[in-house]
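Input: a single structure, listed below in structure tokens.
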Amino acid sequence: MQSFDLDRTDVSKIKVALNGDDEQLKTLLGEYHASEIAILFESLNKDEQQRIINLLDVETASEVIAEMHEESHPEELLLQLHPDKRTEIVEELDYDDATDIISQLEEHEQKEILADLSEDDASNIRNLLSYHEETAGGLMNTEFIRINLNLTKKDAIDEIIRQSEEIEEFYTIFVVNDDNTFQGIVSLKDIIKAKGNVKITELVKSEVAWVYPDTDQEEVARLISQYNITSIPVLDKDMKLLGRVTFDDVIDVLEDENTEDILKISGVSEDEELSGNWVEAVKSRLPWLILNLGTAFLASGVIRHFEPTIKLIAVLPAYMTIIAGMGGNAATQALAVTVRRISLYDLTDNQAYRTVLKELTVGVINGACTGLIVFLFALFFDSNPLLGLVIFLAMSGNLLIAGITGAGIPLILKRVGIDPAIASSIIITTFTDVFGFLLLLGLASKLLL
């Protein structure tokens, strides 16, 4: 199966079918997978989405709502449905998916939906709602397969078959003792391949990764990636099994975290929705632009200080833009790489030092190479080797500063407890602009006048 890309043809077909009768629309919907319908929903209004959901069987409808992107607000669609249809869909959803959607609603709306559910389903969802959404507890699913340590192979298989009737998918079988304390994991393959009537205690793997419910979701994702596991158990302080976080949930976490970091580095608030309107975009970005404007006045102050030099050497402003632009780009490269390192690893002091040293070295080499190019340009086009030397030194120095600040600033911010993706870009831009202008104009004043 190829990946589905939304195009005008698909949207047009759905729009035409929406103007026809239900049978025609239902036939067309049968051509699409639930995840594809969720993508098509991005081009439909709430009334059109509601009509389609009501035509779909409960299993498909629940899959569509679970696959909808958060910015498409599946919770609003769920709230619009008839209570009976809504209840059927929520009960069909995995508990973690149901919790993610319901958590976006107001408290009275949550109570309205939970009141219509069975006592068991409502209790499980309420329990998950008590955890912060960006923790293991907020990600975990409380449906899993658990077997006793002392079961024989035959009894274990019978128990797995019994429990699997209530669970859509499972990747790992968790093992507990008589007190329900977590003992480790065992694979279905190992159970099936085991000879005779061996006990689970002989097959269990006790050295496994696990997390507490308040473990940050990034740490959960890192552990699943590091140990190449399909799911990770969530345990309480008494080592009792609470639930599991599966790799598909972690994929969503990594996507969200990467998007968040990209937006932060660009000076865009994580609260701005990608599909939001211009009002939300202005509210999100304007404060950062105003802050950036304040730092820009520092660079402007350097230029004002050297105004007599600029008047005497008219060609300098042309090179100022090159120096500042190259410094900014080099610093952004170092920043992106360093923030990525920080997000993936808990850097030690030695690793942090080596990171800065590496970027410093890269800055020196890149500065020398680009500075030489600009030196040759000034030599041939301005016929001024001394001007070329000034620009070479300014370019080399600014890219050196770009490497140090691009790597050093996020590491310092991380050390003092500030998210390095939020403020780093503004700080390093200020450094490269101020020092770039200072080096160029200062050296020009000393060497050319």
Side-chain angles (χ1 to χ4, degrees), residues 1-106 109-110 112-118 120-122 124-125 141 143 164-170 246 248-249 251-252 255 273-277:
M1 179 185 289
Q2 294 181 331
S3 62
F4 178 74
D5 293 319
L6 181 66
D7 61 33
R8 294 180 181 178
T9 304
D10 293 296
V11 176
S12 178
K13 285 165 61 177
I14 290 291
K15 289 286 188 181
V16 169
L18 282 164
N19 291 324
D21 57 38
D22 287 350
E23 285 304 316
Q24 178 187 356
L25 178 57
K26 199 171 183 178
T27 300
L28 177 61
L29 292 172
E31 300 176 8
Y32 294 93
H33 186 271
S35 62
E36 296 172 348
I37 297 174
I39 295 174
L40 286 167
F41 268 21
E42 296 175 8
S43 301
L44 305 178
N45 61 43
K46 291 299 180 187
D47 290 337
E48 292 169 333
Q49 293 176 5
Q50 185 178 353
R51 183 183 171 192
I52 289 174
I53 287 294
N54 283 321
L55 285 177
L56 298 173
D57 61 83
V58 174
E59 183 178 351
T60 306
S62 67
E63 288 182 35
V64 170
I65 287 181
E67 291 291 337
M68 288 176 67
H69 195 278
E70 184 180 338
E71 291 187 4
S72 296
H73 298 291
E75 74 280 0
E76 294 179 2
L77 173 60
L78 195 65
L79 205 60
Q80 289 179 339
L81 299 175
H82 187 277
D84 293 341
K85 181 77 172 185
R86 182 175 63 206
T87 299
E88 290 177 348
I89 289 174
V90 173
E91 289 180 339
E92 186 68 27
L93 288 168
D94 288 339
Y95 287 138
D96 55 337
D97 291 330
T99 303
D100 288 341
I101 295 170
I102 293 173
S103 66
Q104 302 302 312
L105 296 169
E106 298 292 334
E109 295 169 334
Q110 294 179 13
E112 179 185 335
I113 291 177
L114 293 175
D116 294 329
L117 301 180
S118 67
D120 186 48
D121 288 337
N124 275 291
I125 293 174
N141 191 337
E143 295 176 302
S164 65
E165 292 178 1
E166 301 297 324
I167 300 175
E168 185 175 341
E169 290 180 308
F170 63 93
T246 55
D248 55 324
D249 294 316
I251 291 173
D252 294 335
E255 180 182 333
E273 295 186 354
L274 298 180
S275 59
N277 58 37

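Here the structure is a predicted model, which is why all the values come from computation and not from measurement.
For Gln110 (side chain) and Leu105 (main-chain N/O), a donor-acceptor pair under 3.5 Å exists by modelled atom type. The main-chain N or O of Ile101 is never found under 3.5 Å from a side-chain atom of Gln104 such that the two would form a donor-acceptor pair. Remark: the backbone N or O of Leu79 is not paired with any side-chain donor or acceptor of Glu109 at under 3.5 angstrom. Looking at Asp94, its side chain never comes within 3.5 Å of a backbone N or O of Asp96 through a donor-acceptor pair. Side-chain atoms of Glu67 do not come within 3.5 Å of backbone N or O of Glu36 as any donor-acceptor pair.
For residues 20-31, the salt bridge (Lys or Arg N to Asp or Glu O under 4.0 Å) pairs, not counting sequence neighbours, are Lys13-Glu31, Asp22-Arg51.
Between the CG atom in Asn19 and the CG atom in Leu25 there is a gap of 10.0 Å [rounded to 0.5 Å]. The structure places CG of Asp97 at 7.5 Å from CG of Asn141, a figure rounded to the nearest 0.5 Å. If you take CG on Leu55 and OG1 on Thr60, they are separated by 11.5 Å, rounding to the nearest 0.5 Å. Once rounded to the nearest 0.5 Å, the distance linking CG of Leu114 with OG1 of Thr87 reads 10.0 Å. Here the straight-line distance linking atom CD of Glu75 with atom CD1 of Ile65 works out to 10.5 Å at 0.5 Å rounding. The structure places CD of Glu48 at 11.5 Å from CG of Leu40, a figure rounded to the nearest 0.5 Å.
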- Task: May I have the step-by-step check of side chain to side chain contact (heavy atoms under 4.5 Å, CB included) for Ile52 and Leu44, ending in yes or no?
- Result: CA-CA 10 Å; Ile52 289 174; Leu44 305 178; 3.6 Å; yes
- Message: Checking Asp249 against Thr246 for the side chain to side chain donor-acceptor pair (under 3.5 Å) test, could you report, in this order, the C-alpha distance in whole Å, the side-chain angles of both residues, the deciding distance, and whether it holds?
- Response: CA-CA 6 Å; Asp249 294 316; Thr246 55; 3.1 Å; yes
- Message: Evaluate Phe41 against Ile53 for side chain to side chain contact (heavy atoms under 4.5 Å, CB included), listing each step before the verdict.
- Response: CA-CA 10 Å; Phe41 268 21; Ile53 287 294; 3.9 Å; yes
- Stepwise, does the side chain to side chain contact (heavy atoms under 4.5 Å, CB included) test hold for Val16 with Leu28? CA-CA 10 Å; Val16 169; Leu28 177 61; over 6 Å; no
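The minimum heavy-atom distance linking Asp121 with Glu91 is given by the pair OD2-CG, 3.5 Å. A pairwise comparison of heavy atoms in Leu81 and Gln50 identifies CD2-CG, 3.7 Å as the closest pair. Across Glu143 and Ile167, no two heavy atoms sit closer than the pair C-CD1, 4.1 Å. Scanning both residues, Ala34 and Val64, for their nearest heavy atoms gives O-CG2, 3.6 Å. Between Met68 and Ala38 the shortest heavy-atom distance is N-CB, 3.9 Å. The heavy-atom pair separating Ser43 from Val11 by the smallest distance is OG-CG2, 3.8 Å.
In this structure the side chain of Glu59 reaches within 4.5 angstrom of the side chain of Glu63, judged on heavy atoms. Contact annotation: the side chain of Ile14 never approaches that of Asp10 to less than 4.5 Å [non-hydrogen atoms, C-beta and beyond].
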